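Input: a single structure, listed below in structure tokens.
Every value quoted in this text rests on a predicted model; they were computed, and no experiment measured them.
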Amino acid sequence: MSKIIRSSNLLCRERSHVLVVDVQEKLIPVIDGQDQIVGEIELLLDAAEILNVPVTLSEQYPDGLGPTIPVIREHTSIQNQFDKLRFSAASGFCRTVSPPESIVDDRQQQVVLVGIETHICILQTALDLQRSGWDVCVVANAVGSRRMIDHEVGLARLSAAGIALVTTESVLFEWCETAGTDEFRQISRAVRNHQPGE
């Protein structure tokens, strides 16, 4: 039987980076579904820590919009952080982490995007990173906007541009790839215990 070659469309922990965009104290309270979004980001960061996936944090004009909320800012998975004035976090991210030329098995490096707002900073970041050579996924249940219409139109535009839309659980189990490992058991337990909105 021939060997199965894993699809490059699937997320790979060795090629993944997580970028948390602008989950800040003065922004998150007005976001539709804020509690669920924060809960999904926490679950993703827990898994990133277990699987050694690097995590970077951006903040939009923190002097005016405040810092990232503590539950995210103080998470032990966060490795890098930068401030920005541009809505797109792409340039700050590319200055902070290895460039996309740093590839594994001749495949693109992947960015998993979460945060706010879907139709502004997430959209512009995703499109700029895609143009710069990154393979970009947006976690649809871990991003949000103040109004649902903006969130929905933002996701539709991302999808039309070829950005993959995923969910938190799809990210976690693509990273795991297989059952039966200690890492899988830890993540599976976290998923079972996870209550969206907590």
Side-chain angles (χ1 to χ4, degrees), residues 1-23 28 31-58 68-81 93 97-98 102-105 107-116 118 122 125-126 129 134-144 151-152 155 158-159 163-198:
M1 187 168 98
S2 61
K3 180 181 177 183
I4 298 298
I5 299 174
R6 190 163 169 82
S7 171
S8 60
N9 290 321
L10 294 169
L11 288 162
C12 171
R13 71 175 100 170
E14 290 84 8
R15 295 191 289 127
S16 288
H17 306 258
V18 176
L19 176 54
V20 182
V21 178
D22 307 348
V23 187
I28 198 67
I31 300 300
D32 186 71
Q34 58 179 282
D35 292 339
Q36 175 178 332
I37 293 165
V38 171
E40 296 296 333
I41 294 172
E42 285 184 86
L43 179 59
L44 189 71
L45 296 186
D46 289 344
E49 183 171 21
I50 292 167
L51 297 170
N52 296 313
V53 175
V55 179
T56 298
L57 186 75
S58 77
T68 300
I69 59 173
V71 70
I72 303 298
R73 183 179 72 243
E74 297 167 5
H75 199 283
T76 51
S77 67
I78 305 294
Q79 297 181 4
N80 302 295
Q81 180 175 338
F93 178 77
V97 303
S98 299
S102 162
I103 57 178
V104 178
D105 297 331
R107 292 182 292 176
Q108 289 174 287
Q109 291 285 289
Q110 300 167 325
V111 181
V112 178
L113 275 181
V114 299
I116 57 178
T118 309
I122 296 295
T125 300
L129 286 173
W134 299 85
D135 181 9
V136 184
C137 291
V138 171
V139 186
N141 58 339
V143 296
H151 171 68
E152 291 173 345
L155 291 180
L158 286 163
S159 181
I163 302 293
L165 301 181
V166 296
T167 65
T168 307
E169 283 197 22
S170 63
V171 173
L172 305 191
F173 291 106
E174 286 174 37
W175 279 348
C176 282
E177 191 173 345
T178 185
T181 65
D182 287 339
E183 294 167 333
F184 168 78
R185 283 186 282 273
Q186 290 179 65
I187 289 172
S188 183
R189 189 179 310 116
V191 169
R192 287 195 306 271
N193 294 335
H194 177 59
Q195 296 297 324
E198 284 193 345

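For Q79 and T56, the side-chain atoms include no donor-acceptor pair closer than 3.5 Å. With no hydrogens or angles considered, no side-chain donor-acceptor pair links H75 and E42 at under 3.5 Å.
No side-chain donor-acceptor contact under 3.5 Å links T125 to the backbone of I122. When atom types are taken as modelled, the side chain of R185 and the backbone of G180 share a donor-acceptor pair closer than 3.5 angstrom. For R13 (side chain) and L51 (main-chain N/O), no donor-acceptor pair under 3.5 Å exists by modelled atom type. In this structure, E183 contributes its side chain and C176 its backbone to no donor-acceptor pair below 3.5 Å. Between the Q110 side chain and the L10 main chain, a donor and an acceptor come within less than 3.5 Å of each other. Counting only distance, with no hydrogens or angles, the side chain of N141 and the backbone of T168 share a donor-acceptor pair below 3.5 Å.
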For the pair L113 and V136, evaluate side chain to side chain contact (heavy atoms under 4.5 Å, CB included) and give the outcome as yes or no after the intermediate values.
-> CA-CA 7 Å; L113 275 181; V136 184; 4.0 Å; yes
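Summarising the geometry of E49 relative to S77, their closest heavy-atom pair is CB-CB, 4.0 Å, with the distance given to 0.1 Å.
Residues V112 and L19 have side chains not in contact (no heavy-atom distance under 4.5 Å, counting atoms from C-beta outward). Between D46 and I187, every side-chain heavy-atom pair lies at or beyond the 4.5 Å cut-off.
Note: T118 OG1 to I37 CD1 = 6.5 Å, rounded to the nearest 0.5 Å.
Each side-chain hydrogen bond (donor to acceptor under 3.5 Å, both in side chains) pair with one or both residues in residues 171-180, not counting sequence neighbours, appears once here: S16-W175.
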